[in-house]
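I have placed the structure first, in the form of structure tokens, so that the comments after it can refer back to it.
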Amino acid sequence: MLPKTYDFKAAEARLYQFWEENGYFKPSNDPNLPEHDPTKKPYVISIPPPNVTGILHLGHVLFVTLEDLMIRHQRMKGVPTLWVPGTDHAGIATQLQVEMKLKDQGTSREEVGREKFLEETWQWKKEHGGVIVEQIRRLGASCDWSRERFTLDEGLSRAVREAFVHLYEKGLIYRGPRLINWSPSLQTAVSDLEVEHSEENGKLYYFKYQLAENPEVFIPIATTRPETILADTAVAVHPDDDRYKHFIGKKVLVPILGREIPVIGDEYVSVEFGTGALKITPGHDPNDYEIGLRHNLDLLSMLDKKARVTEVGGPYQGQDRFEARKNLWQDMKTAGLVIKEEDYLHQVPRAQRGGEIIEPMISTQWFVEIAPLAEKALKAVKEEDIEIIPERFKKVYYNWMENIHDWCISRQLWWGHRIPVWYCDDCSELTVAREDPSSCQACGSNNIHQDPDVLDTWFSSALWPFSTLGWPDETPDLKYFFPTTMMETGYDILFFWVARMIMFSLELTGIAPFNIIYLHGLVLDEHGQKMSKSKGNVINPIDVMNDMGTDAVRFTMLVGSTPGVNTNLSLQKVEANRNFANKIWNAGRFVLGNLEKAPAAPENDPDWTLADSWIWSRMQDLVRNVDRLFNNHQYGEAGRYIYDFFWGEYADWYLEAAKQQIIEGGDRAFYTIETLIKIFDLSMRLLHPFTPFVTEELWQHLKEAVQISPFKTRIPDWPEALMISSWPEPRPIENWEKDKVKSFELIQDIVRSIRNLRAEKNIKPGKLIPANLVAGDFTSMLKEELGSLATLAQLDSDQVTIVAKLDEIPQGQIGLVAGPIEIYLPLSGLVDLKEERKRLSTELEELKGQIKRLEDLLASPFAQKAPEAVVNKEKEKLANYQETAGTLQVQINNLEEIT
RNA sequence: GGGCGCGUAGCUCAGUUGGUUAGAGCGCACGGUUCACAUCCGUGAGGUCGAUGGUUCGAGUCCAUUCGCGCCCACCA
């Protein structure tokens, strides 16, 4: 006998090892087959690589369990499956962690130098990189770990270089000075996507731009960043603005500095907004940059890399950007150039990582020319080479692709893929090469040095689905497994990652990297709040797994998530699913316990009971529904169906009926146990992708027990593990099954109405009571089912009568109606006739309401317009109600006669 | 400025192609300890599906308007 409590920790550790050692995580789970079966289309997922030095959070748990569910499902369907795991070097994030460590040691990145710093970072990776991988294994992820990759691996680094050089040679990568987003504290450029705009209270500063020819006359200007005045190279007004258009062509004086700059006319300027005139700072504002290009304006950089004012700022040189703002404004006040300040709510650009205010500035960086790539990527989704789930994200994708800007890919960091470009110190030509060159391509000089910058982390991530399979080499893996099948990831990285994978794959491999994009939502706390340390609502998945088991956590994530919608997670939910795992465990114990006590195999053919047929039919229905839901990627809904079946039908009803059938002994007991086993087996299969551990554990015990039991010959060839067993195939339900289901539902009705009355009358659950049933056409069926009926309703089977018809209503008994069945319970002492009459009358009133409703409905145009089947359903219902109402009326009349 | 999602029982959420007295878990009330499970069993109370209008024989489910919450994108100083 299995222990009462499921020791999930031991099972989890043992089973994972068992699976992996047997090679089940490999693309072919049949050891006799070659690894690549060229006749079968494989199902492939590449894991969204988590940051190498990260620790597991609930977001990881969601995607790992979802992907594991998909992979396990396909594997059981007999499809060769490959799930490629790996980690991402996460440039900025990792570098910052190591820098922090150095700071603690009293040193810094600059102090130790590039080489030593990289050594330190690799060391850090070695120490911390294993953590997340270990945690992913704990979740049960059936990844092929022999194919684990890291974005800075030799192979992937080669892919990065190949991609860079390819794009460069095609003219899709260029270098040049452009206005970029600069992060002063990180000291690097970041891409547009890494800038977040947050709405904040600031000030709008109004001041005067004096005319050079007559300082008495001025153009009023408003700005949110007065310090940028120092780098103004024009003032712009709308060419049709009567207030200002006569200034066009004249010169104005930059406040304090006194530089003369032109007044220009440009339609970009909005007449209504602010003062209707605009200061132009091409060096520090994206719009102004565009205007500057149109008008050939000078371009001044007033900030250095630490956001301190340069020599352009004259007297303010060396001051921090915010200090300069304050000082300049003060000086302008003194000089009488200030008009006013207003409170102002506006969007402030902040760094996604670190949160400091980003400065747009001119800098020489590397860029990917994105338009040609985006065009192809747009087409791939429009022409449905790639499907997006949920579909609404297509629109988001299109919108982004249609408005995309060139991608700044160089980062002034050390941890990452160094840009494969070398500059010649002699001829200043550059060499772009796949392998480290020893000399300049142009002049042959050996005086060359490599670009110090590294690539945006997302550059290597964008190659992930094919670089992990061996690209640029035509490896067998690449040929067989690429393109991949499913890209499952969070909607928050649709642009960062998914879009770029599509663009790069189409350009570099010529095909879309995956067929389906499944986007999940974010994991929030139970009230839909983001989890954060400061709010104290963070749930650590490892703790919860230790407490309640991995299966409970997995089931919670899977059932609670709908594609593209955020998931609110609470410990209560996990607890509920821990209870479900416990339920599975105990149902398994029950099946096993009976299996051990099973009688010898009978000579006779099976004689199935109603309950047997019913549970089979319900199982078929479940298989069909689950199949349908999986095909529609409604995994959570599928889990819910299985849960309801297993707990609400198999455990609550069939197991209880089975108890009685087993007591009957002999053939009946044998076939009941067989049904218990078979339905349990199918349930474990359906449940396995959701809760792999408890299902495998029980299934292994079951398999073992079956093998030494009389069922051995009747239960064919189970494989060596549930994980690689076959997925139940749906088949259509037959008519006789529908009848069986209806009959059993009648039994359930009777049982419920008796239980209901027992609760109402406070009859102890254990107390057996007598009953008299009037069953009409169902008489023989009920007689047949008396055993289970008595067990389920706690009737004294020696004191139950079942007759087809009754001439006279029994006196002094409680009357009940369940569909076409009349029930009389001779419970002397419990019957207060008055009370009974009241109860029956209330019931009748309710029923009459229903009858009226249905009569009205059937008299309405509904009867003509609705499909026949729907109408018939209602007619049938009405007939049933009327019958019941008739019975109730008779019972009530009878009571009245007595009193 | 554009786009999207959500609003269903006290709480957190499900709800097939619209089909006709709306489901679950948790919580709550009442009753249950031998024989799979108190991480359990049985029974019950509790929503008319944010609001309004429309399409339809029929709407939580489709359309329009509206209110509330959240998110994404965007160069109005």
Side-chain angles (χ1 to χ4, degrees), chain A residues 1-2 4-6 197 204-205 221-225 228 236 268-270 272-281 285-291 344 346-347 360 390 392-393 395-396 399-400 403 491-492 494-495 521-522 524 526-528 548 552 559-560 562 564-570 572-573 575-594 625 628-629 632 634 636-637 640 643-644 648 651-652 655-656 659 752 755-760 762-766 794 846 849-850 853-854 857 860-867 869-871 873-874 877:
Chain A
M1 194 63 182
L2 295 177
K4 221 167 175 175
T5 321
Y6 165 48
H197 295 269
L204 193 54
Y205 300 86
I221 303 274
T223 179
T224 54
R225 294 187 297 158
T228 61
Y268 167 79
V269 182
S270 150
E272 291 83 30
F273 193 87
T275 63
L278 187 57
K279 66 189 262 323
I280 304 297
T281 323
D285 183 281
N287 300 313
D288 295 6
Y289 182 75
E290 293 297 321
I291 294 172
Y344 189 59
H346 65 138
Q347 301 279 331
R392 67 187 145 85
F393 280 99
K395 215 169 166 181
V396 180
N399 186 41
W400 189 73
N403 296 295
Y491 67 71
D492 52 330
L494 180 61
F495 305 141
L522 312 174
L524 308 171
E526 56 190 311
H527 298 293
M548 300 196 248
V559 167
T562 312
V565 180
N566 296 340
T567 302
N568 294 359
L569 186 88
S570 70
Q572 279 92 3
K573 285 188 196 171
E575 225 169 276
N577 291 316
R578 184 267 321 263
N579 295 352
F580 181 49
N582 181 256
K583 191 73 185 176
I584 299 171
W585 179 254
N586 277 292
R589 287 178 66 225
F590 178 79
V591 175
L592 275 162
N594 283 295
N625 276 318
R628 188 197 87 226
L629 292 164
N632 294 331
Q634 292 181 277
E637 196 51 10
R640 222 168 281 125
Y643 178 105
D644 288 344
D652 283 351
L655 250 60
E656 294 307 319
K659 282 176 186 172
R752 280 199 199 98
R755 281 177 179 169
N756 180 332
L757 186 104
R758 295 178 62 114
E760 224 171 90
N762 258 316
I763 300 167
K764 291 264 179 209
Q794 296 279 49
E846 276 169 23
Q850 292 303 324
R853 186 180 63 78
L854 284 177
L857 179 66
S860 74
F862 167 78
Q864 274 74 50
K865 299 236 179 172
V870 177
V871 178
K873 215 171 112 194
E874 296 308 312
K877 233 190 259 172

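First the proteins, then the strands, lettered A, B, ... as listed; each starts at 1. Model, not experiment: these values are computed from the prediction.
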Take nucleotides 67-77 of chain B nucleotide by nucleotide from the 5' end and write B, S or -, depending on whether a protein heavy atom sits under 4.0 Å from the base, only from the sugar-phosphate, or from neither. ------SBBBB
Partner nucleotide, any strand, of B:G27 [Watson-Crick/G-U, under 3.5 Å]: none
Which part of the nucleic acid does A:Arg578 contact within heavy-atom distance under 4.0 Å: base, sugar-phosphate only, or nothing? base
Minimum-distance nucleotide (side-chain atoms of A:Asp652 versus B:G19, B:G42, B:U39): B:G42
Pick base, sugar-phosphate or nothing for A:Leu857, based on heavy-atom distances below 4.0 Å to the nucleic acid. base
Separation of B:G42 P from A:Asn762 CG (nearest whole Å): 18 Å
In whole Å, what is the span from the CH2 atom of A:Trp585 to the C1' atom of B:A36? 12 Å
Verify side-chain contact (heavy atoms from CB on, under 4.5 Å) between A:Arg225 and A:Thr281, making sure each step is shown before the conclusion. CA-CA 10 Å; A:Arg225 294 187 297 158; A:Thr281 323; over 6 Å; no
Classify A:Arg758 by what it touches in the nucleic acid, base, sugar-phosphate, or nothing, heavy-atom distance under 4.0 Å. nothing
Among B:U39, B:A36, B:G32, which nucleotide sits nearest the side chain of A:Leu655? B:A36
Measuring only the C1' atom in each nucleotide, how far is B:C49 from B:G7? A whole number of Å is fine. 10 Å
Measure up the A:Tyr643 and A:Phe580 rings against each other and bin them: parallel (under 30°), tilted (30 to 60°), perpendicular (over 60°). tilted
Would you give the length of the straight line joining atom CD1 of A:Ile221 to atom OG1 of A:Thr275, rounded to the nearest 0.5 angstrom? 5.0 Å
Indicate for each nucleotide in nucleotides 43-49 of chain B, in 5' to 3' sequence, whether protein heavy atoms under 4.0 Å reach the base (B), only the sugar-phosphate (S), or nothing (-). SS-----
So A:Thr5 and A:Trp585, do their side chains get closer than 4.5 Å, heavy atoms only? no
Re B:G70: Watson-Crick or G-U wobble partner, both distances kept under 3.5 Å, found to be B:C4
How far, in whole Å, is B:G60 from B:U16 if one measures between their C1' atoms? 14 Å
Euclidean distance, atom CG of residue A:Asn579 to atom C1' of B:G27 [Å, nearest integer]: 14 Å
Gap in Å between the two P atoms, one belonging to B:G32 and one to B:U12, rounded: 33 Å
Please give the distance between the P atoms of B:A24 and B:A14 as a whole number of Å. 16 Å
Round to a whole Å and report the spacing from CG of A:Asn577 to P of B:U12. 18 Å
A:Gln794 near the nucleic acid: base, sugar-phosphate alone, or nothing, with a heavy-atom cut-off under 4.0 Å? nothing
Say we look at B:A45 and B:C26: how far apart would their C1' atoms be, to the nearest angstrom? 16 Å
In whole angstroms, the gap separating P of B:A22 from CD of A:Gln850 amounts to 9 Å
Give the minimum heavy-atom separation between A:Thr223 and A:Lys279, together with the two atoms involved. CB-CD, 3.8 Å
Identity of whatever pairs with B:G53 - Watson-Crick or G-U, under 3.5 angstrom: B:C63
With heavy-atom distances below 4.5 Å as the criterion, would you say the side chains of A:Lys4 and A:Arg589 are in contact? yes
Pairing partner (Watson-Crick or G-U wobble, both distances under 3.5 angstrom) of B:C35: none
Donor-acceptor pair present, A:Lys4 side chain and B:C37 base, under 3.5 Å: no
What does A:Ala863 touch in the nucleic acid at a heavy-atom separation under 4.0 angstrom: a base, only the sugar-phosphate, or nothing? nothing
Can you check whether A:Phe590 reaches A:Asn594 side chain to side chain, under 4.5 Å on heavy atoms? yes
Of the options B:U16, B:C40, B:A36, whose atoms approach the side-chain atoms of A:Phe590 most closely? B:A36
Between B:A14, B:U39, B:C40, which nucleotide has the shortest distance from any of its atoms to the side chain of A:Arg640? B:A14
Just verifying a value: how many Å separate A:Asn586 CG and A:Leu592 CG, rounded to the nearest 0.5 Å? 11.5 Å
Any side-chain heavy-atom pair from A:Ile584 and A:Tyr6 closer than 4.5 angstrom? no
B:G18 to B:A77 separation - P atoms, rounded to the nearest Å: 45 Å
Any N/O donor-acceptor pair, A:Glu637 side-chain to B:A24 base, under 3.5 Å: no
Atom CD1 of A:Ile291 and atom CG of A:Leu278: how far apart are they, to the nearest 0.5 Å? 5.5 Å
Residue closer to the 5' end of RNA chain B, A:Ala651 versus A:Pro765 (nearest nucleotide): A:Pro765
Do the side-chain N and O atoms of A:Tyr491 and A:Asn566 include a donor-acceptor pair separated by under 3.5 angstrom? yes
Of the nucleotides B:A14, B:U12, B:A36, which one has an atom closest to the side chain of A:Lys573? B:U12
Base, sugar-phosphate or nothing for A:Ala866? Non-hydrogen atoms, less than 4.0 Å. base
Looking at OG1 of A:Thr224 and CD of A:Gln347, how far apart are the two atoms once the value is rounded to the nearest 0.5 Å? 11.5 Å
Can you see if the side chain of A:Lys865 gets near the phosphate of B:G58 - specifically, an N or O under 4.0 Å from OP1 or OP2? no
Of A:Pro861 and A:Arg589, the one whose nearest nucleotide on RNA chain B sits closer to the 5' end is A:Arg589
Has A:Thr562 got a side-chain atom pairing as donor or acceptor with A:Val565's backbone, closer than 3.5 angstrom? no
When all nucleic acid strands are considered with a 4.0 Å heavy-atom cut-off, which category describes A:Pro867: base, sugar-phosphate, or nothing? base
Figure out the CG/P separation between A:Asn594 and B:C35, and round it to whole Å. 14 Å
Could you give the CG-to-C1' distance, from A:Leu757 to B:G42, as a whole number of Å? 13 Å
Rounding to the closest angstrom, what is the interatomic distance between B:G46 and B:A9 at atom P? 15 Å
Counterpart base for B:A45, defined by Watson-Crick or G-U wobble contacts under 3.5 Å: none
Tell me the interatomic distance from A:Glu575, atom CD, to B:U12, atom P, rounded to whole angstroms. 17 Å
Nucleotide nearest A:Lys395 (side chain, heavy atoms from C-beta), chosen from B:G19, B:C37, B:G3: B:G3
Using the P atom as the point on both nucleotides, what is the distance between B:G68 and B:A22, in whole Å? 31 Å
Closest to the A:Ser860 side chain: B:G42, B:U16, B:C57? B:C57
